[in-house]
Amino acid sequence: MMIDRRLIQHFDWWLLILTLALIGVGVVTIYSAAEPGARGMGQIFAVKQAVWGALGLVLMAAVFSFHYQALDRWVWGIYALTVLSLAWVLVFGKTVSGSQRWIAIGSFAFQPSEMAKLTAVIVLAHFLSRAGTARGLGFRDILAPAALLSVPFGLIVIQPDLGTGMVIMIIAASMVLFAGLKRRVLVILVLCALLSGPTLYVNLKDYQKERIKTFFNPDRDPLGAGYHIIQSKIAIGSGMFSGKGYLKGSQKALSFLPEQHTDFIFAVLAEEWGLLGSTALLVLLFAFLARGLGAGYRSKDPFGAFLCVGAASYFFWQIFINMGMVMGILPVVGVPLPFISYGGSSMLAAMTGVGIFLNVGMRRFSYE
Amino acid sequence: MPGVLLAVLAGFSILFVRLYQLQVIEGREYARLSENNCIRVQRVVPARGLILDRNGTVLADNRPSFDVVLTPHDARPVARVLPLIAQYLDIPLDTWGPRLLKAEKEAPYTPIVLKSDVDRDRLAVVAANALRLPGVTIATRSQRYFPFGPTFAHLLGYVAEVTEDELKDSANSGKELGDVVGKTGVERLFEPQLAGGRGGRQVEVDARGRVVSVMRMVPAAPGDNLVLTVDARLQEKARLLMAGETGAVAALDPYSGRVLALYSSPSFDPNLFVSGMSRKDWTSLSRNPQRPLQNRAIAGVYPPGSTYKIVTLMAALSEGVVTPESTLYCPGFYSYGNRDFWCWRRGGHGAVDAQEALTQSCDVYCYKAGEMLGVDRLAYYARASGLGAVTGLGMEGEARGLVPTMAWKKTRTGRPWAKGETLSVAIGQGYNLVTPLQMAVLTAAVANGGIRYRPQVVERVERPDHTVSRRFSREPAGRLPISPAFLDVIRRGLWGVMNSPNGTAFTTRTARYEIYGKTGTAQVVGRRGQDRFLNQTSSLKEFQDHAWFVAYCTPEGLPGIAVAVLVEHGGHGGVTAAPVARDLILEYLRLSQPQAGQAAGEAAGMTATAGASGEGASPVTAAGEAFPATAAASPAGTTAAPGQGGRP
């Protein structure tokens with residue numbers, strides 16, 4: 001097969017450069033975050049993350065090498081694979097800190113729930129691109145995808161991994177809202193959500209209520225989540241305008257930060273690089289999302305557009321929830337910061353997302 | 001699409017505004033907090049619930065204990081402070097080793113307990129030199145104290161720090177290293193109720209590690225108190241009666257199954273476990289040939305000896321192989337196959353009926369009854385009497401014992417059942433194994449007319465404010481498979497044991513109350529009569545037979561009591577075990593006299609209030625404290641020794 005010149009012509013080099021920059025920021029920050037644990041830990045984690053980044057690039061290339069419309073045709077296979085691996089995790093999976101969410105392959109452990117987020121994007125893109133969007137979606141249009149997604153959602157929630165489950169719900173809601181709902185449907189759905197919340201809450205046991213209250217207000221648990229959040233806020237705040245300098249963060253040096261190389265990585269970055277560095281990261285991430293959305297915007301194909309919007313909401317919500325949590329404005333949930341948080345599953349899923357952006361962008365004129 | 005981009009921009013703006021707020025507007029304050037690194041979490045361990053006896057006497061109390069704690073970061077440096085503190089505490093410097101210096105680098109803010117439960121004199125030295133000891137603090141903690149020491153060691157169990165293995169168990173979710181948990185006995189059985197809810201506080205400390213202000217606080221919830229069914233005075237009496245002997249005593253209220261006393265001898269001091277015992281103490285406890293850690297009352301299995309004849313007679317009467325009136329002739333032996341089975345009375349009992357068979361403990365009567373019944377029918381009655389299964393007391397390590405059947409022997413040894421073995425089983429030798437508690441339950445059922453109650457040790461659970469959160473009522477677990485008329489025959493037989501001149505425990509009789517009983521002598525070595533004869537005359541204690549006595553007394557107007565006593569290598573049951581059972585019964589009935597009861601009630605009121613005052617204390621210990629260096633030996637999990645059989 002000849003490589004179409006137009007594919008290379010429309011390849012988004014900027015998106016690739018932004019991605020590489022983000023991976024670089026992650027590796028550098030992980031080195032600093034993990035170093036005080038024990039000598040050499042920083043190197044180990046940083047090198048591992050770089051290796052994951054490299055593997056991610058290969059995966060990304062694989063994802064953009066074929067026409068993205070294949071995803072539309074393979075949607076059932078992708079869906080089945082995701083559900084099976086989630087079920088596999090529940091039955092045979094490795095338990096880490098009370099939650100069963102890993103598949104161990106040799107010495108590697110993989111979290112299928114990370115990929116489930118993208119599966120949700122593909123499934124919704126499949127259905128939404130077929131529904132007529134002129135007058136907005138009706139109940140019938142969202143029933144099938146909602147039923148389909150409830151299976152992986154349920155499997156993830158019983159791991160238990162409430163954070164990932166919520167992210168999937170929010171991604172799905174964003175895509176549906178983007179497609180547009182009939183006003184009547186929107187009103188009914190919002191009413192249902194408003195009513196079911198309190199009804200469910202009333203029927204919960206006291207200790208469950210307590211857990212939910214703490215979830216939304218970590219200050220209620222000053223010895224657990226509340227302590228983590230205050231340490232994280234001290235780290236970020238003490239970075240002030242220009243930061244304490246690379247490797248000079250003191251909060252992280254004292255192991256005050258929980259999971260500082262994974263979910264709380266942003267606190268380490270903000271402490272060492274200050275408002276300048278943190279803002280730079282926000283700009284990088286925003287530019288990245290803008291390029292990704294641009295690919296969808298220019299796509300003439302509704303499936304491609306939905307894929308890009310879905311992938312963008314996948315990135316956006318994780319960024320927003322993670323940073324919001326670390327800065328103490330959102331509940332504490334286990335959601336990684338894409339590209340920056342340490343972790344192979346998260347990196348591979350993020351690079352798949354990049355592959356989707358690039359794929360849709362470079363094939364905006366090609367039809368099969 | 002531009003709308004989506006706008007939404008993303010809005011989200012990022014929120015994040016930026018928050019960043020600006022944290023880093024620029026509030027940045028200076030956070031920088032100050034960060035410079036001092038001064039926010040710490042301190043755990044507040046709740047006071048463990050008290051354990052009281054039925055009259056309110058405190059059996060498990062809390063006392064303050066003082067730990068010397070080091071926060072490596074505040075010591076600046078650890079290497080300079082350690083020699084000083086070692087000198088003040090008078091312990092060798094190498095106790096701690098390089099572990100502390102490593103901690104200084106890796107977890108400088110995690111306080112480490114240098115020595116727990118420091119006595120007041122040493123504490124005074126440390127406190128006086130506080131200025132030379134930066135980073136060293138004294139933490140107060142409430143520690144378990146068992147005022148009765150060995151008397152309740154097996155029943156209450158003991159507490160100690162949770163081990164890493166135990167933390168992996170889901171039953172211990174929510175526990176952390178350094179937490180104290182119940183390891184055995186009631187302390188373990190009611191761990192969730194006794195433990196209470198952990199609290200803590202977020203504090204700001206100054207450069208020397210002293211608390212400047214408390215930022216947030218979660219109060220600790222003290223654990224619930226337990227009121228047991230046992231009577232401390234009776235338990236103490238049991239200990240005195242068993243002094244110097246190896247064995248166990250189980251006493252129950254026959255009408256409810258409530259445990260009145262449960263003692264295993266020899267015992268140990270559970271207080272040794274609480275603060276982590278020395279290697280020497282542990283070695284002497286765990287290597288002691290008498291195995292004081294074993295709870296013989298529930299985990300010790302022994303051949304029941306002649307006490308089993310209650311079951312044999314129950315089966316023989318109910319199955320109709322004998323009638324209350326029919327007699328069997330005892331010439332002193334019974335020839336079966338190519339072997340003579342001897343009666344303990346070589347001269348023979350002559351013609352014996354069912355009642356006399358029990359009173360005089362005639363072996364030949366039971367051989368014949370057993371032969372007619374067969375081992376499997378015997379096994380049915382043994383099972384229905386609660387043998388061969390745990391009683392349901394709920395404590396860990398309770399043994400099931402063994403009720404042999406033909407099928408059991410086939411699967412176990414591969415060989416078929418030999419008919420002669422049934423004869424041994426019928427007199428409680430053979431393969432039968434029972435625990436003292438099982439025999440007490442069986443005796444209680446005979447006493448109350450046939451209902452087998454689940455033995456219970458806790459009467460109620462009380463919240464710290466003394467309201468009752470749970471009350472346990474009696475739970476029937478089964479019924480003896482015998483008609484009232486036949487049961488009456490058995491009871492008359494048991495009456496004769498102590499009260500008829502022919503009875504095997506007539507010498508132990510008491511004029512004051514009618515005590516029903518049954519002696520038992522379980523052979524330790526050999527099964528043939530002549531060996532047994534040798535054994536009884538042997539001067540070696542370990543060749544002596546185990547002595548059993550089961551008894552009950554239910555006098556008019558007084559609460560009843562059922563007792564099982566086992567004395568290892570005690571020789572004849574009527575000689576060593578029966579006096580223990582008799583004296584225990586008499587003590588209980590004396591304590592239950594109306595005037596005695598009143599006095600006890602008043603005393604109970606006083607002790608209960610004294611106990612309550614101890615609950616208010618919620619001492620603070622430091623966050624994530626490490627193991628004390630003195631906890632050299634980990635006693636967990638080694639106490640459940642396998643049940644000891646009476647025969648090889």
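Quick caveat, the model's predicted, so the values are computed rather than measured. Quick note on labels: first sequence line is chain A, next is B, and so on, each numbered from 1.
Pairing each heavy atom of B:L22 with each of A:K233, the nearest pair is CD2-CG, 4.2 Å. Considering every non-hydrogen atom in both B:R18 and A:G328, the closest pair reads NH2-O, 3.9 Å. When all heavy atoms of B:L5 and A:F286 are compared, the closest pair comes out as O-CE1, 4.1 Å. Nearest heavy atoms, A:S238 versus B:A31: CB-CA, 3.6 Å.
A distance of 11.0 Å separates CG of B:L19 from CG of A:L276, quoted to the nearest 0.5 Å.
The candidate with the highest count of non-hydrogen atom pairs below 4.5 Å against chain A, out of B:E26, B:R28, B:E29, is B:R28. Note: A:S278 leads A:G243, A:S278, A:S174 in heavy-atom pairs under 4.5 Å with chain B. The greatest number of non-hydrogen atom pairs below 4.5 Å with chain A, out of B:I25, B:V24, B:L9, is found for B:L9. For the set A:L289, A:I329, A:I319, the count of heavy-atom pairs under 4.5 angstrom toward chain B peaks at A:I329.
Looking at A:A312, neither its backbone nor its side chain comes within 4.5 Å of chain B, counting heavy atoms on both sides. Both the backbone and the side chain of A:L285 come within less than 4.5 Å of a heavy atom of chain B.
Within a 6.0 Å radius of CZ in B:F472, other residues, nucleotides and ligands contribute more than 12 heavy atoms.
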Task: Residue pair B:I14, A:F320: steps toward the side-chain contact (heavy atoms from CB on, under 4.5 Å) verdict - done: CA-CA 9 Å; B:I14 293 174; A:F320 189 75; 4.2 Å; yes

Task: Step-by-step side-chain contact (heavy atoms from CB on, under 4.5 Å) determination, A:I236 to B:Y30 - done: CA-CA 8 Å; A:I236 295 171; B:Y30 283 121; over 6 Å; no

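Remark: side-chain polar atoms of B:Q23 are paired, donor with acceptor, to backbone N or O of A:L275 under 3.5 angstrom.
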